[in-house]
S.K.: 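For reference, the structure I am asking about is given below.
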Protein chains: 2
Amino acid sequence: MDTTQLLKGVLDVAVLAVLDERDSYGYEVVRRLREAGLEDVGDASVYGTLRRLFKAGALTSYVVPSEEGPHRKYYGLNATGRTTLDGSRATWRRFARTMDGLLDHTEKR
Amino acid sequence: MDTTQLLKGVLDVAVLAVLDERDSYGYEVVRRLREAGLEDVGDASVYGTLRRLFKAGALTSYVVPSEEGPHRKYYGLNATGRTTLDGSRATWRRFARTMDGLLDHTEKR
DNA sequence: GCGCGGTACTTCGCAATGCGCAATAGTGTG
DNA sequence: CACACTATTGCGCATTGCGAAGTACCGCGC
């Protein structure tokens, strides 16, 4: 089953959530999301989302040269990002409950 | 808060769910979805979704001339539609629980 | 009869966003 | 050296929800 369309609009919150736990860089965010259960998430989507959120002013960014490989571009939440996260989390919960209600209500007995 | 992106990929299931309860036509589907809590759903989206689902072979369709207004194009689930609904419902639940887990896990204390 | 509001559907084109793919580049392993 | 893994960027595509406009049919009040 394809979850691509379900991810729309949710990837933002998901990325903000893992960054709220601790600063991270693209490649690692992908791994953490997949470990959390979002196994089908594409790497290009995450990188794109990070850039978008940064451009929207929700994230800070700093490059950390690594001696174990290529450099890493770390991202972290700023005040705006935390506010966005709180709002999006609430929106998600309202929405998810609405959908649950709709699907439960009509489910065959 | 904008739920447009959240609707992506979910409108299908929502429409299938209300049609599973009983046959309906576009205009009424919109009303029923809004009453169920999806208040921001656009009418063009629903009409589009109905056409898409019909084209995909999940729906039956029959026109009922109405003496109380314009004709109504009724849609109903066929076997394929019910199978699709069952699958999508399960997919939604798995996905929603994954997201809930991710958001709970990282929520501020 | 005429305008108005509500019902009901279609078509058009746009905007947002997730993704595949290719390119670049550094590191360590066989 | 070829290869795999890490790490990022850019390009272009597909999907899909939506706004706007147009068509059309109905009953109601004036």
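Chain naming here is simple, since letters A, B, ... match the order of the sequence lines and numbering starts at 1 in each.
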S.K.: Find the distance A:D43:CG to D:dT6:C1' and express it as a whole number of Å.
M.R.: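 About 12 Å, once rounded to whole Å.
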S.K.: Using only side-chain N and O atoms of A:S45, determine if any of them is under 4.0 Å from OP1 or OP2 of C:dT17.
M.R.: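 No, because none of the side-chain N or O atoms of A:S45 sits under 4.0 Å from OP1 or OP2 of C:dT17.
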S.K.: Think B:Y25 has a side-chain N or O under 4.0 angstrom from the OP1 or OP2 of C:dA8?
M.R.: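 For C:dA8, OP1 or OP2 has a side-chain N or O of B:Y25 closer than 4.0 Å.
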S.K.: Starting at CG of B:D2 and ending at P of D:dG17, how long is that distance when rounded to a whole Å?
M.R.: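 Atom CG in B:D2 sits about 13 Å away from atom P in D:dG17.
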S.K.: Give a yes/no answer on whether the side chain of A:Y47 brings an N or O atom under 4.0 Å of OP1 or OP2 in D:dT8.
M.R.: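 True: A:Y47 side-chain N/O within range (under 4.0 Å) of D:dT8 OP1/OP2.
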S.K.: On the nucleotide C:dT10, are OP1 or OP2 found under 4.0 Å from the side-chain N or O atoms that B:R51 carries?
M.R.: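 Answer yes for this pair, as a side-chain N or O of B:R51 is under 4.0 Å from OP1 or OP2.
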S.K.: Using a strict 4.0 Å threshold on nitrogen-to-oxygen distance, state whether A:R32 and A:E21 make a salt bridge.
M.R.: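 Judged by the 4.0 Å cut-off on N to carboxylate O distance, A:R32 and A:E21 do form a salt bridge.
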S.K.: Over all heavy atoms of both residues, which pair between A:L59 and A:F54 is shortest? Give the atoms and the distance, please.
M.R.: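 For A:L59 and A:F54, the tightest heavy-atom pair comes out as O-CD1, 3.3 Å.
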S.K.: Answer with base, sugar-phosphate or nothing: what part of the nucleic acid does B:G9 contact at a heavy-atom distance below 4.0 Å?
M.R.: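 Counting heavy atoms under 4.0 Å across all strands, the contact made by B:G9 is with sugar-phosphate only.
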S.K.: Choose from D:dT6, C:dT17, D:dC18 the nucleotide whose nearest atom is closest to any side-chain atom of A:R72.
M.R.: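 It is D:dT6.
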S.K.: Could you tell me how far apart A:Y75 (OH) and D:dA7 (P) are, to the nearest whole angstrom?
M.R.: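 For the pair A:Y75 OH and D:dA7 P, the rounded distance is 14 Å.
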S.K.: Side chain of B:K8, base of D:dT16: donor and acceptor closer than 3.5 Å?
M.R.: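 A donor-acceptor contact between them is present.
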S.K.: Could you state the CG-C1' distance from A:L7 to D:dT15, rounded to the nearest angstrom?
M.R.: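 For the pair A:L7 CG and D:dT15 C1', the rounded distance is 13 Å.
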S.K.: According to the interplanar angle, ranging from 0 to 90°, do the rings of A:Y62 and A:Y74 count as parallel (below 30°), tilted (30 to 60°) or perpendicular (above 60°)?
M.R.: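 Rings of A:Y62 and A:Y74: parallel, under 30°.
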S.K.: Check this for me, if you would: do B:D100 and B:R97 make a salt bridge, where the nitrogen-to-carboxylate-oxygen distance has to be below 4.0 angstrom?
M.R.: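 The answer is no: the pair does not qualify as a salt bridge.
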S.K.: Tell me whether the side-chain N/O atoms of B:T49 come closer than 4.0 Å to OP1 or OP2 in D:dG17.
M.R.: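 B:T49 to D:dG17 OP1/OP2: side-chain N or O found under 4.0 Å.
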S.K.: Taking the nucleotide of DNA chain C with the closest heavy atom to each, which residue, A:A44 or A:P70, is nearer the 5' end?
M.R.: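 This one resolves to A:A44.
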S.K.: Just the rounded figure in Å: distance from C1' of D:dT9 to CZ of A:F54.
M.R.: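 One finds 15 Å between C1' of D:dT9 and CZ of A:F54, rounded.
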S.K.: For A:H71 and C:dT24, what is the distance between atoms NE2 and C1' respectively, to the nearest whole Å?
M.R.: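 Roughly 11 Å, once rounded to whole Å.
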S.K.: How close or far is atom C1' of C:dT11 from atom CG of B:L50, stated in whole angstroms?
M.R.: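 In whole Å, C:dT11 C1' lies 16 Å from B:L50 CG.
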S.K.: Compare every heavy atom of A:M99 with every heavy atom of B:L38, then report the nearest pair and how far apart it is.
M.R.: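 Reported closest heavy-atom pair: CD1-SD, 4.2 Å.
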S.K.: Can you measure B:R34 atom CZ to C:dT7 atom P for me and round it to whole angstrom units?
M.R.: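 Result: 11 Å.
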S.K.: Can you find a side chain N or O atom of B:R31 that sits less than 4.0 Å from OP1 or OP2 on C:dA8?
M.R.: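 The answer is yes; a side-chain N or O of B:R31 sits under 4.0 Å from OP1 or OP2.
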S.K.: So, does B:R52 get its side chain near the phosphate of D:dG17, meaning an N or O under 4.0 Å from OP1 or OP2?
M.R.: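 Looking at the OP1 and OP2 atoms of D:dG17, one of them is under 4.0 Å from a side-chain N or O of B:R52.
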